[in-house]
Q: 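A single structure is presented below for examination.
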Number of protein chains: 4
Amino acid sequence: MTIKVGIYGARGYTGLELVRLLSQHPDVELAFLTSEQSAGTSLRENWPQAPDLPLISAADAPLDAVQAVFLCLPHTASAPIAVAALEQGVKVVDLSADLRLDDPAVYQTWYKVPHPAPHLLPTLYGLPELEERERIAASNCIANPGCYAAATLLGLTPLARSGMIRPGTPIIVDAKSGTSGAGRAPKQNLLFAEVCRNFSPYNIGRAHRHLPEIEQNLAKAGLEPGQMVFSPHLLPTDRGILSTHYVQVSDAETAHQLFVDTYGSEPLVDVLAPGKLATLAHVVCTPKAVISLTPVSPEMLIVVVAIDNLLKGAASQAVQNFNLMWGLPETRSLL
Amino acid sequence: MTIKVGIYGARGYTGLELVRLLSQHPDVELAFLTSEQSAGTSLRENWPQAPDLPLISAADAPLDAVQAVFLCLPHTASAPIAVAALEQGVKVVDLSADLRLDDPAVYQTWYKVPHPAPHLLPTLYGLPELEERERIAASNCIANPGCYAAATLLGLTPLARSGMIRPGTPIIVDAKSGTSGAGRAPKQNLLFAEVCRNFSPYNIGRAHRHLPEIEQNLAKAGLEPGQMVFSPHLLPTDRGILSTHYVQVSDAETAHQLFVDTYGSEPLVDVLAPGKLATLAHVVCTPKAVISLTPVSPEMLIVVVAIDNLLKGAASQAVQNFNLMWGLPETRSLL
Amino acid sequence: MTIKVGIYGARGYTGLELVRLLSQHPDVELAFLTSEQSAGTSLRENWPQAPDLPLISAADAPLDAVQAVFLCLPHTASAPIAVAALEQGVKVVDLSADLRLDDPAVYQTWYKVPHPAPHLLPTLYGLPELEERERIAASNCIANPGCYAAATLLGLTPLARSGMIRPGTPIIVDAKSGTSGAGRAPKQNLLFAEVCRNFSPYNIGRAHRHLPEIEQNLAKAGLEPGQMVFSPHLLPTDRGILSTHYVQVSDAETAHQLFVDTYGSEPLVDVLAPGKLATLAHVVCTPKAVISLTPVSPEMLIVVVAIDNLLKGAASQAVQNFNLMWGLPETRSLL
Amino acid sequence: MTIKVGIYGARGYTGLELVRLLSQHPDVELAFLTSEQSAGTSLRENWPQAPDLPLISAADAPLDAVQAVFLCLPHTASAPIAVAALEQGVKVVDLSADLRLDDPAVYQTWYKVPHPAPHLLPTLYGLPELEERERIAASNCIANPGCYAAATLLGLTPLARSGMIRPGTPIIVDAKSGTSGAGRAPKQNLLFAEVCRNFSPYNIGRAHRHLPEIEQNLAKAGLEPGQMVFSPHLLPTDRGILSTHYVQVSDAETAHQLFVDTYGSEPLVDVLAPGKLATLAHVVCTPKAVISLTPVSPEMLIVVVAIDNLLKGAASQAVQNFNLMWGLPETRSLL
């Protein structure tokens with residue numbers, strides 16, 4: 001089977017990872033790559049091993065020549081392409097935020113614009129380790145999780161489902177990300193000379209746009225919204241997310257077994273042995289999530305989750321979803 | 001006034017900062033510098049601007065030629081030198097952990113050895129912004145705070161004193177430090193190729209040796225010990241500590257005014273305006289602490305504290321104490 | 001004496017260093033700071049210790065309120081301000097490239113625009129260790145050297161003056177700079193995620209704009225232009241220049257003494273002992289140049305020069321010139 | 001075909017890359033991994049995806065259970081293992097320096113010890129793009145090139161063979177390497193806090209041990225030894241070598257075609273288009289060399305070569321040799 005695939009936004013950090021993963025995917029033929037700012041050039045100019053495809057404007061992308069598209073576009077730009085693709089029978093993995101929130105009113109609250117395609121909502125949220133894979137396989141359109149959301153949902157959903165989290169207590173998520181999570185558009189605060197030797201919190205508390213995405217999905221796992229404090233920080237490194245979660249639970253000692261039960265057979269989630277701690281070095285440039293559990297007391301549990309923000313937090317996660325949508329082995333081109 | 005000063009452990013990261021600060025101090029004359037591993041060499045070999053003094057072994061240091069010493073030595077090595085110095089009437093600022101804990105039994109629990117000089121305990125803990133400066137001025141021996149402890153005590157003591165912290169609730173301290181905090185002795189996990197692109201938690205929960213130091217001092221401020229979860233992480237940068245504190249309080253909105261009242265006239269502590277967040281870039285290579293307050297809800301407050309671990313967390317803090325001990329302006333050679 | 005000073009372009013990397021140096025200068029009162037993009041804000045927003053002055057547009061700067069100005073502006077924007085200042089009797093240190101080349105035709109060749117103020121040429125080139133200081137003291141306007149040019153001129157001028165360089169042989173300058181040398185305007189190639197783990201040559205051979213500046217000044221030292229190959233590279237660090245110069249000479253062994261003779265009494269240039277090598281760590285955040293000489297054979301000499309590009313390569317160099325222009329000790333506020 | 005393979009020194013940086021490459025090699029079964037310092041532990045402790053093999057002492061390694069070994073050992077430790085392996089009919093790729101120099105006297109001059117196994121000399125030097133591949137295929141033992149040597153030989157051998165280099169003129173090699181090239185044993189100068197913000201030359205001129213290795217192989221290409229100046233520098237990054245070569249040639253404009261002719265069909269060497277420059281970002285974490293040619297004048301050519309020091313400079317180069325030795329496609333497990 002060869003599936004013809006187009007990538008929108010191929011020159012951003014996530015897009016480049018998708019190009020890399022899909023150009024080595026035995027069942028994929030890359031048909032087009034889009035980039036608004038670099039249309040007319042080629043990835044080969046800076047990446048000799050890149051596929052021999054020109055970058056074209058999204059407006060010129062031949063949707064009728066592909067069977068699937070990956071959308072690595074800014075929010076509001078992404079949903080209209082998803083609509084057009086689906087109308088032509090092209091399957092969609094959307095890596096933007098457009099299809100992650102079920103309720104268009106919540107979208108408008110957090111993104112300050114009306115939802116660009118409310119009839120697509122709700123779209124299935126593609127975190128396979130926590131979803132029924134049959135549902136992903138049956139979908140034509142998947143909302144790929146946000147990077148911080150992927151890390152935190154992998155870390156908290158087993159606890160939420162188990163009912164182990166003590167109601168009404170704060171859930172503290174102290175998250176740290178490399179700079180590639182902020183994208184490739186030039187901004188002063190992302191310059192090397194600004195980030196080097198710096199470390200900085202931003203949008204802490206209940207202000208970051210991944211918060212409603214996390215709470216929506218934890219609510220489906222049985223957790224009341226509103227308990228979470230989510231504080232992202234910018235690391236002086238290029239990639240990776242490490243999130244430290246502080247959760248008050250009924251029995252912290254049982255958490256490790258719960259996570260082993262949940263993820264023990266998952267090829268892309270590693271639960272570390274008791275006493276070991278997850279680090280960025282475990283996951284950078286890999287499609288894996290690594291999780292460690294540290295009971296501090298019977299009622300206090302620390303869950304550390306590490307992922308590569310561009311892979312399990314974006315591109316490899318998208319390929320996982322793609323593989324499931326097409327009935328392929330889930331880890332193809334990933335391991 | 002010229003005070004003759006010796007520095008023990010002058011070739012570690014903290015020692016080097018002390019040499020730099022004291023060699024530009026108008027009231028100080030550096031009399032000797034010790035280093036066990038580099039005795040017989042000079043700092044000038046790698047630092048052309050260094051003072052023209054040989055590095056000598058501690059055993060050869062002429063205590064009778066100085067009026068004050070700074071001890072940048074490993075714990076257990078430091079206290080015996082403090083004893084010898086005090087016996088000769090030489091004033092001491094001890095930057096090791098030896099004199100920070102009031103109770104030798106607590107020391108033994110955390111450091112796994114009997115206390116080397118229990119008769120020196122309790123030693124006055126030298127965090128001038130939170131201590132009566134007259135007491136420091138009247139002391140011959142000061143325990144200089146640990147780097148993580150300095151950051152967290154500056155961030156939590158005003159809350160503890162005010163009685164604002166809700167009893168029995170967890171206090172989450174998610175702390176991040178540059179690698180110089182781990183010292184200059186070669187260890188594989190501190191190699192550039194290991195730290196670069198990594199970010200890693202260590203000794204999280206209630207396992208780090210600065211925890212009892214923090215809790216001892218917060219207890220004096222009225223807070224029951226045992227509430228704190230303290231999780232240090234190693235940053236891919238050379239210096240700086242940023243600690244994010246999550247505290248359940250009675251009225252988060254009043255915290256900013258409380259901190260302004262506490263620190264408003266302090267030359268070395270900046271409380272940022274509401275809405276601003278403390279970052280490492282605010283403090284690296286400065287003797288300042290920078291603090292920001294973020295109320296998440298009426299009951300949840302985030303306190304971010306940034307310091308340079310080698311300065312406000314060690315060397316400049318020690319000079320502050322020294323200046324007070326000698327009746328000099330507190331910020332001399334620092335601002 | 002208090003000299004009222006204005007800084008144009010105070011929010012760039014060089015401007016910030018000047019603000020820092022001049023706000024601690026005992027003979028200087030900062031009167032205004034300009035920034036086109038940030039007019040209306042204050043440096044205090046991100047730098048609590050900054051002077052309490054608003055950033056204003058250059059058009060609003062009160063030239064009649066100052067006695068001296070520093071121009072940290074892009075080329076072509078700088079010279080017109082220099083003209084206006086000089087007309088009002090305000091002394092000028094120009095850190096742009098506008099006044100460095102004596103011949104406006106050469107300027108037009110390299111900068112692709114007519115010179116904005118040819119009547120100011122030639123302007124005295126302010127590298128005090130290689131110029132007669134009386135001439136700087138007597139000047140109202142100084143062209144501050146380019147960062148790469150400062151490093152290379154310090155390394156090669158003693159050789160050129162001595163006549164030791166073999167005529168007609170290539171002089172290879174392999175230069176490496178931190179990213180702050182490229183300025184603070186956002187560009188994709190300067191993003192942290194691009195620079196981290198990268199190292200890249202640019203404008204190598206005879207293509208970089210500092211080449212004519214270097215050759216012009218070496219010609220004054222007796223060296224025929226045209227021998228030089230100048231290859232800059234971008235380092236994954238924020239600041240510092242290290243240039244490695246490969247020169248064919250008549251007697252490499254005598255070079256060390258020549259440099260000691262030239263710089264031995266200079267407070268801001270250190271010539272290392274034979275066998276030692278200059279490194280960035282010697283100079284970052286210092287106003288010094290550090291030079292090492294390595295004879296490879298009687299005819300081949302390697303000269304390594306390290307400076308902080310923002311200090312000896314820009315801001316502290318400018319303060320050195322300023323001090324000389326006002327009859328102050330040359331290193332005031334620098335050491 | 002399944003080839004049973006052992007890796008000596010599996011826990012160093014090069015060894016780890018070999019483990020990674022060989023554990024995904026379809027024709028290889030890893031049989032043992034050695035590490036003296038970590039014998040008794042497993043790579044899985046820090047690398048969950050590592051193969052499930054214990055680390056054992058070299059003395060315990062079952063040479064009779066394998067058909068091939070890779071030696072990632074210090075010089076002098078490596079050759080004796082090579083001898084033992086060859087005696088048992090086990091093929092050897094030696095990544096140490098022990099077998100790279102043909103003449104044991106030269107080895108003794110540079111390594112200060114008698115050669116540990118002179119009867120193995122000369123061993124075929126395994127740089128396939130510059131060697132007859134049939135000779136590698138016919139060998140039981142290959143000396144894998146040093147990292148700096150690989151970069152410089154790829155950059156200079158085509159010029160040497162063509163006779164284009166002007167006799168008697170200096171060849172300047174200004175080389176820069178990430179810290180992993182210095183190995184994983186803890187040393188103070190490799191600590192993060194020392195390397196961060198530093199950049200430093202070392203062993204410049206004609207003092208580095210890769211110099212005789214380079215000159216020996218260029219002599220075989222027709223170049224007289226003695227012309228080369230080779231200056232390595234330590235970059236503040238973990239991996240990658242970029243070498244800038246300045247060569248006086250008879251006709252610089254023809255060099256690009258010469259390199260295209262030499263490497264045009266090589267899958268692991270990319271020659272960039274005229275005007276493009278090789279960078280570390282082209283090659284880090286890839287098995288490729290990327291080369292750019294910049295004619296400065298008809299007589300002066302700059303050749304920039306970039307490789308990943310751990311891959312084309314060590315591990316992937318070794319796998320290339322292994323594949324050839326076993327009649328496998330040369331790039332298997334590499335592309």
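Any value given below was found using the heavy atoms of this structure, including those in side chains, with hydrogens, waters and symmetry copies removed. Being a predicted model, the structure only gives us computed values, none of them experimental. We name chains A, B, ... by the order of the sequence lines, and we start the count at 1 in each one.
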Q: Between B:Lys312 and B:Glu129, does any side-chain N to carboxylate O distance fall below 4.0 Å?
A: yes
Q: Please rank A:Gly240, A:Pro170, A:Ser200 by heavy-atom pairs under 4.5 Å with chain B and give me the top one.
A: A:Pro170
Q: Look at B:Thr279, B:Thr294, B:Val284 and state which one has the largest set of heavy-atom pairs under 4.5 Å with chain A.
A: B:Thr279
Q: Decide, yes or no, whether a salt bridge links B:Arg206 with B:Glu215 under the criterion of side-chain N to carboxylate O below 4.0 Å.
A: yes
Q: Under 4.5 Å from any heavy atom of chain B, what part of A:Tyr246 do you find: side chain, backbone, both or neither?
A: side chain
Q: Please classify the contact between B:Asp238 and chain A as side chain, backbone, both or neither, with a heavy-atom cut-off of under 4.5 Å.
A: side chain
Q: Which of these, A:Ile291, A:Leu293, A:Leu301, sits in a side chain to side chain contact (heavy atoms under 4.5 Å, CB included) with A:His256?
A: A:Leu293
Q: Please classify the contact of A:Ala278 with chain B as side chain, backbone, both or neither, using a heavy-atom distance under 4.5 Å.
A: backbone
Q: Any sub-3.5 Å donor-acceptor pair from A:Glu213's side-chain atoms to A:Gly146's backbone N or O?
A: yes
Q: Can you tell me which portion of B:Glu299 sits under 4.5 Å from chain A's heavy atoms? Options are side chain, backbone, both or neither.
A: neither
Q: For each of B:Cys196, B:Pro201, B:Gly205, tally heavy-atom pairs with chain A at distances under 4.5 Å, and name the one with the top tally.
A: B:Pro201
Q: Provide the closest heavy-atom pair for B:Leu335 versus B:Pro287 in the form atom of the first, atom of the second, distance.
A: CD2-CG, 4.1 Å
Q: Do B:Ser231 and B:Tyr202 have a side chain donor and acceptor closer than 3.5 Å?
A: no
Q: For the pair A:Asp174 and B:Lys176, evaluate salt bridge (Lys or Arg N to Asp or Glu O under 4.0 Å) and give the outcome as yes or no after the intermediate values.
A: CA-CA 11 Å; A:Asp174 196 279; B:Lys176 302 89 175 174; 2.9 Å; yes
Q: Compute the centroid of each ring, for B:His210 and then for B:Phe230, and state whether the two points are separated by less than 6.0 Å.
A: no
Q: Against chain B, label A:Glu194 side chain, backbone, both or neither, depending on which of its atoms sit under 4.5 Å from a heavy atom there.
A: neither
Q: Considering only heavy atoms, which portion of B:His233 lies under 4.5 Å from any heavy atom of chain A: side chain, backbone, both, or neither?
A: side chain
Q: Out of A:Val304, A:Ile302, A:Leu234, A:Val283, return the one with the most heavy atom pairs under 4.5 angstrom to chain B.
A: A:Ile302
Q: Given the options B:Thr237, B:Thr169, B:Ile172, which has more heavy-atom pairs under 4.5 Å with chain A than any of the others?
A: B:Ile172
